[in-house]
Amino acid sequence: LRRINMITLLANLVINPNEPKKYYIGDGNDLVVRIPADMTQFKNYTMGKTLIMGHNTFNQTGPLKGRKIIVLSHKDIFYTADPNVIFIKDINWENVKDSETEYVVCGGTSVYEAALPYAGKLRLTMTELYPVDTGEFIGDKLFPDFTKYGNWRLENQSATIKQNGCKTTRGFEVDEYFIAEYETID
């Protein structure tokens, strides 16, 4: 499939090196880990853009000032007084990818899976987590293995960023992360 860089997938991933290609994004209806500096970067990156997310993700974020939100929902369509939020049951990814506007996909798992074949860019916050026990549970929602959706090239990776005092939903300490940006190779 031909990809155009008008669809960006933005995600906060927790990686257990003992489980290659498993990228945890959620635990219940929450992020696996909340990193305050990453939340600020999310706000700065998405400001003024149109976000695409699932209903459960929207229930966590709510309307976001300065951004338009398209909520994909398999549930009943909801109407909101906020003119910047629309609920739809399906989206034509072909039309989105050919747009002149960047769309930012923010989750959850099924929305990432639907968007990946059309995406041109991934912007991933990555945290490595070494559980005490290799069988320790990290989360229940996964980001798809993007390597199955074409060829991706690492375009940029930040240095390791220190952030003290962060814990996962399961109580694991997290003190560093990095940001990796990938683009598709046609």
Side-chain angles (χ1 to χ4, degrees), residues 1-27 31-54 57 61 64 67-70 72 91-130 138-163 166 168 174-186:
L1 296 170
R2 183 174 67 88
R3 296 187 180 155
I4 297 176
N5 288 338
M6 300 322 302
I7 298 176
T8 298
L9 275 61
L10 188 63
N12 177 338
L13 311 180
V14 176
I15 305 158
N16 176 352
N18 297 322
E19 297 180 292
K21 304 217 177 188
K22 275 197 172 179
Y23 311 105
Y24 293 92
I25 56 172
D27 186 13
L31 295 173
V32 174
V33 64
R34 288 186 180 273
I35 302 169
D38 183 52
M39 301 303 249
T40 300
Q41 290 173 31
F42 173 88
K43 179 180 178 180
N44 293 339
Y45 187 83
T46 61
M47 189 59 69
K49 296 180 180 168
T50 299
L51 310 183
I52 301 172
M53 63 182 69
T57 303
T61 67
L64 298 170
R67 288 152 281 193
K68 293 180 181 177
I69 299 176
I70 298 171
L72 293 174
I91 193 164
N92 184 330
W93 292 105
E94 287 287 336
N95 289 345
V96 174
K97 79 175 179 72
D98 290 334
S99 170
E100 294 181 14
T101 302
E102 180 183 12
Y103 288 83
V104 181
V105 178
C106 303
T109 300
S110 62
V111 179
Y112 286 133
E113 286 172 344
L116 256 170
Y118 306 96
K121 185 176 178 182
L122 306 174
R123 190 170 199 282
L124 307 173
T125 299
M126 302 179 113
T127 303
E128 286 189 347
L129 179 65
Y130 295 88
I138 295 175
D140 60 0
K141 308 287 187 303
L142 294 170
F143 187 85
D145 177 3
F146 58 91
T147 62
K148 293 180 179 177
Y149 294 86
N151 296 315
W152 294 89
R153 176 179 56 227
L154 179 63
E155 289 292 316
N156 187 29
Q157 181 173 318
S158 72
T160 299
I161 302 164
K162 297 283 186 184
Q163 177 80 54
C166 295
T168 69
V174 174
D175 61 1
E176 57 186 42
Y177 66 98
F178 63 93
I179 297 171
E181 293 183 358
Y182 293 86
E183 289 191 6
T184 56
I185 302 169
D186 288 335

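What's counted below: heavy atoms across the whole structure, side chains too, no hydrogens, waters or symmetry copies.
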Counting C-beta onward and ignoring hydrogens, is there a side-chain heavy-atom pair between [X] and [Y] closer than 4.5 Å?
X	Y	result
Y177	V33	no
T127	I35	yes
V32	V174	no
Y112	K141	no
K68	T101	no
I70	L51	no
F42	V104	no
V111	T57	no

Item to complete: List the steps and the verdict of side chain to side chain contact (heavy atoms under 4.5 Å, CB included) for Y24 and L129.
Response: CA-CA 10 Å; Y24 293 92; L129 179 65; over 6 Å; no
Worksheet item: So which heavy atom on L142 is nearest to which on T109, and how close?
Response: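 Here L142 and T109 meet closest at O-OG1, 2.8 Å.
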Practice prompt. Would you please classify the geometry between the W93 ring and the Y118 ring as parallel, tilted or perpendicular, with 30° and 60° separating the classes?
Written response: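 Y118 and W93: parallel rings.
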Worksheet entry | R123/E181 ion pair, N-O < 4.0 Å |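 Salt bridge: yes.
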